[in-house]
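Counting convention: from 1, in listed order, for ligands and their atoms alike.
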Amino acid sequence: MATTLEATFELYIGGKEQPGSKGEQRTLLDPATNQPLARVAVGSRDDARAAMEVADRAFRESNWAADDGARRAKALWKLAGLLEANADAFARLETLNQGKPLREARGDIGYVVRTFEYFAGLADKVEGETIAVPGPRFDYTVREPLGVTVHIAPWNYPLLLAMRSVAPALAAGNAVVLKPASLTPLTAVALARLAKEAGIPDGILNVVLGSGAEVGEALVQDARCRSVTFTGSGEVGSRLALLAAARLVPVTLELGGKGPVVVLADADVDRAAKAIGFGIFGNAGQMCWAASRLLVHESLRAPLVEKLRGIADRMKLGPGVQDGVEMGPLVSQEHAAHVLEYVEEARSGGGQVVAGGSRPTDEALRAGNFVRPTILADVPATSRAVREEIFGPVLCVSSFTDVDEAIRAANDTPYGLLAALWTRDLGSAHSLARRLDSGMVVVNEAPTSFPQTPFAGAKSSGLGFEQGARALEPFTRRKNVLVHLGGGKRVA
Ligand code: NAP
């Protein structure tokens, strides 16, 4: 049965919900049924400009930046509490909009709560230093917020990836303008509605809806934009970095991946199979850090692939809101078709389809954007399915006999986000972790992260980092203050 959400979701600027300046709206579809789900306002370049103006004024005129960090901490704790109290409603909204199973959406919302709590804890720890200098002088640094920070988010973890940078930016005292992905804006608007009750001054947290090409670029090019945090595709990320460079605005880019999973001969096959299954079929594979390339030692190939085939074949597909569903639909019809193109190309290029490889035949799933969990084996290393990010539930398997060969293959990609390693040998774990050319490595673990651990991509996977105790630094600037104490011989 189709679910239609009654209220229209609008832009949130200056503490108020408002329609876009052109009065346009569009209909979002439920990815599980492609039936109308919600009406959303469409923002324009003018709305982007208005949001930047409001945020800039709030930054200068409210107490947010000037206040003791402990006050910001209180507001962020309160926001975390409000979100936690409404976690079920937020998770359901995320599932209806994006498609992921409710269980996963609950995990996402819990992660956002924890993110706000973590950065609330850092809000009163923005510290400078004193520096010894010659003569009767005193030198110190202070770290100040930047002003208006712009955040552009993707559709795969809509609220989580948006708040991963919004929370530290707020904790550091900035005013935020967020543009969520056009496909998945609902939870961002719902969260902004809680800001007032949390004690965040109007204009400090703003959400502008609308297309990336129009609204996103207008935000980045606005003279009041002091930093850009972008999570999304490499193509758009590079373009935004160029636009920001023209005004010397710093950018943080969290981009794509083609995550290798290297399974050595001594690995725990049962645990590895479960973790790899989660790492490629979780969120229907729509993860930047998906475990999308399995490189397994020849001796373990047959048992591991057999276990993975079992996981793929048994997975229960369905609308994310249904009980027991393990994999939901992909976010849109276009994206599902795009993922299946890769599978077809791999198949026609000589790859073997071990599991899935098509849409499900179940009549109840026909209308949705479902793709079966897919395992491809022995796809030529030059094929697009092996080289490019598919961003769907598709695992490419190959095997090796020599560890050096495996590390070479793992690193043979323009990407470098997360690599996984499976071994029981402590020496191999640490030495090979160093040789993997990626921003993050997990050992005997599925792709996993916490607000306190840095999230960073190497090579084409990104620039800068998010999360962790230093995540406030990119949202502050360092000011040096040198004071002559007088009473000396002369003021130099
Ligand atoms: P995308 O097309 O690049 O879009 C991401 C965001 O950028 C959306 O809000 C989009 O708005 C906006 N945008 C598009 N064109 C723009 C432009 N010209 N100027 C300013 N903003 C623009 O990426 P996606 O398809 O949503 O996300 C998938 C990609 O994100 C994958 O490559 C994935 O690996 C990557 N990702 C990386 C991470 C990480 O942490 N490293 C995490 C998740 C996803 P519209 O929606 O209006 O187009």
Side-chain angles (χ1 to χ4, degrees), residues 20 26 28 40-45 47-48 97-98 100 108 111 115 150-166 177-186 188 207-222 225 228-244 249 251-259 282-292 330-332 334-336 338-339 388-392 413-418 438-440 447 449 453-467 471:
R26 45 186 205 97
L28 284 183
V40 208
V42 179
S44 64
R45 193 168 283 279
D47 295 310
N97 190 180
Q98 198 268 357
K100 63 180 66 185
D108 290 5
Y111 197 102
T115 298
V150 167
H151 307 251
I152 300 179
W155 46 258
N156 58 337
Y157 291 87
L159 193 65
L160 190 161
L161 293 178
M163 295 306 138
R164 192 168 72 175
S165 65
V166 164
V177 179
L178 164 67
K179 195 209 88 65
S182 294
L183 286 170
T184 56
L186 303 189
V207 179
V208 192
L209 309 179
S211 85
E214 181 173 346
V215 170
E217 293 202 12
L219 294 175
V220 171
Q221 290 180 296
D222 192 283
C225 166
V228 176
T229 307
F230 170 81
T231 306
S233 60
E235 194 187 350
V236 175
S238 307
R239 174 166 171 73
L240 294 184
L242 283 172
L243 292 179
V249 167
V251 292
T252 298
L253 304 176
E254 296 284 3
L255 309 173
K258 191 71 184 174
N283 202 8
Q286 300 165 119
M287 297 182 279
C288 51
W289 63 0
S292 52
L330 272 64
V331 74
S332 67
E334 295 71 24
H335 188 51
H338 180 65
V339 167
E388 296 179 12
E389 180 181 42
I390 298 178
F391 221 55
T413 164
Y415 293 111
L417 192 56
L418 178 120
S438 61
M440 295 174 285
S449 180
T453 56
F455 197 103
K459 300 195 279 185
S460 300
S461 288
L463 187 66
F465 67 97
E466 292 187 302
Q467 299 190 152

K.L.:
For ligand 1, indicate whether the residue E389 contacts it via side chain, backbone, both or neither (heavy-atom separation under 4.0 Å).
P.N.:
side chain
K.L.:
By the definition salt bridge (Lys or Arg N to Asp or Glu O under 4.0 Å), identify the one residue from R239, R45, K179 that meets it with E217.
P.N.:
R239
K.L.:
Mind checking whether G457 has a heavy atom under 4.0 Å from ligand 1?
P.N.:
no
K.L.:
Side chain or backbone of I152 under 4.0 Å from ligand 1, or both, or neither, by non-hydrogen atoms?
P.N.:
side chain
K.L.:
Among all protein heavy atoms, pick out the one at the shortest distance from atom 25 (O) of ligand 1; state its residue, atom name and that distance to 0.1 Å.
P.N.:
W155 NE1, 3.0 Å
K.L.:
How far is atom 11 (O) of ligand 1 from its nearest protein heavy atom, and which residue and atom is that?
P.N.:
K179 NZ, 3.1 Å
K.L.:
Report yes if some heavy atom in the side chain of V220 is under 4.5 Å from a heavy atom in the side chain of I152; otherwise report no.
P.N.:
yes
K.L.:
Ignoring hydrogens and angles, tell me if any N or O in the side chain of K100 forms a donor-acceptor pair with the backbone of G282 under 3.5 Å.
P.N.:
no
K.L.:
Roughly how far apart are S460 OG and L255 CG, rounded to 0.5 Å?
P.N.:
8.0 Å
K.L.:
Can you find a heavy atom in the side chain of L161 that is under 4.5 Å from one in the side chain of E466?
P.N.:
no
K.L.:
So, regarding L183 and ligand 1 (criterion: nitrogen or oxygen to nitrogen or oxygen, under 3.5 Å), is there a contact or not?
P.N.:
no
K.L.:
With no hydrogens and no angle check, do the side chains of S449 and Q467 hold a donor and an acceptor under 3.5 Å apart?
P.N.:
yes
K.L.:
For L161, counting its heavy atoms only, list the atoms of ligand 1 lying under 4.0 Å from any of them.
P.N.:
42 (C), 43 (C)
K.L.:
Rounded at 0.5 Å granularity, tell me how far OG1 in T453 sits from CZ in F465.
P.N.:
12.0 Å
K.L.:
If you take the nearest heavy atom of each of V215, L219, N156, V236, which one is closest to atom 43 (C) of ligand 1?
P.N.:
N156
K.L.:
Can you find a heavy atom in the side chain of T231 that is under 4.5 Å from one in the side chain of R164?
P.N.:
yes
K.L.:
How far is atom 27 (O) of ligand 1 from its nearest protein heavy atom, and which residue and atom is that?
P.N.:
P154 CB, 3.7 Å
K.L.:
Checking the side chain of D47 only, and the main-chain atoms of S44 only, is there a donor and an acceptor separated by less than 3.5 Å?
P.N.:
yes
K.L.:
Looking only at atom types and distance, does a side-chain atom of H335 sit under 3.5 Å from a main-chain N or O of F391, one as donor and one as acceptor?
P.N.:
yes
K.L.:
Find the distance between SG (C288) and NZ (K258) and round it off to the nearest 0.5 Å.
P.N.:
13.5 Å
K.L.:
Of all the atoms in ligand 1, which lie at a distance below 4.0 Å from a heavy atom belonging to L240?
P.N.:
19 (N), 20 (C)
K.L.:
Report the residue from T184, L186, L183 that forms a side-chain contact (heavy atoms from CB on, under 4.5 Å) with P158.
P.N.:
T184
K.L.:
Within less than 4.0 angstrom of ligand 1, does G210 place any heavy atom?
P.N.:
yes
K.L.:
How are the rings of W289 and F455 set relative to one another: parallel (under 30°), tilted (30 to 60°) or perpendicular (over 60°)?
P.N.:
tilted
K.L.:
Which atoms of ligand 1 are found less than 4.0 Å from any heavy atom of A181?
P.N.:
8 (C), 9 (O), 46 (O)
K.L.:
Heavy atom under 4.0 Å from ligand 1: found in R164's side chain, backbone, both, or neither?
P.N.:
side chain
K.L.:
At what distance, to the nearest 0.5 angstrom, does CG of N97 lie from CG of L28?
P.N.:
5.5 Å
K.L.:
What residue and heavy atom of the protein are closest to atom 18 (N) of ligand 1, and at what distance?
P.N.:
E217 OE2, 2.8 Å
K.L.:
Determine, using heavy atoms of Y157 and all atoms of ligand 1, whether some pair is separated by less than 4.0 Å.
P.N.:
no
K.L.:
What part of F455 sits under 4.0 Å from ligand 1 if we count only heavy atoms: the side chain, the backbone, both or neither?
P.N.:
side chain
K.L.:
Which option out of F391, W289, Y415 puts a heavy atom nearest to atom 33 (C) of ligand 1?
P.N.:
F391
K.L.:
Among all protein heavy atoms, pick the one closest to atom 35 (C) of ligand 1 and tell me residue, atom and distance.
P.N.:
G232 O, 3.2 Å
K.L.:
So how far is it from T115 OG1 to M163 CE, rounded to the nearest 0.5 Å?
P.N.:
10.0 Å
K.L.:
Given C288, S332, A290, S449, which has its nearest heavy atom closest to atom 36 (N) of ligand 1?
P.N.:
C288
K.L.:
Starting from atom 1 (P) of ligand 1, what is the nearest protein heavy atom, named by residue and atom, and what distance separates them?
P.N.:
S233 OG, 3.6 Å
K.L.:
Give the residue, atom name and distance (to 0.1 Å) of the protein heavy atom nearest atom 13 (N) of ligand 1.
P.N.:
G212 CA, 3.5 Å
K.L.:
Measure from the side-chain N and O atoms of Q98 to the backbone N and O of N156, and report whether any donor-acceptor pair falls under 3.5 Å.
P.N.:
yes
K.L.:
Is atom 4 (O) of ligand 1 close to the protein, meaning a heavy atom under 4.0 Å from it?
P.N.:
no
K.L.:
Could you tell me if any non-hydrogen atom of P180 lies under 4.0 Å from any atom of ligand 1?
P.N.:
yes
K.L.:
What are the atoms of ligand 1, with element, lying closer than 4.0 Å to any heavy atom of S182?
P.N.:
45 (P), 46 (O), 47 (O)
K.L.:
What part of L417 sits under 4.0 Å from ligand 1 if we count only heavy atoms: the side chain, the backbone, both or neither?
P.N.:
side chain
K.L.:
Is the closest heavy-atom distance from S211 to ligand 1 below 4.0 Å?
P.N.:
yes
K.L.:
For atom 37 (C) of ligand 1, what is the closest protein heavy atom, and at what distance to 0.1 Å?
P.N.:
L255 O, 2.8 Å
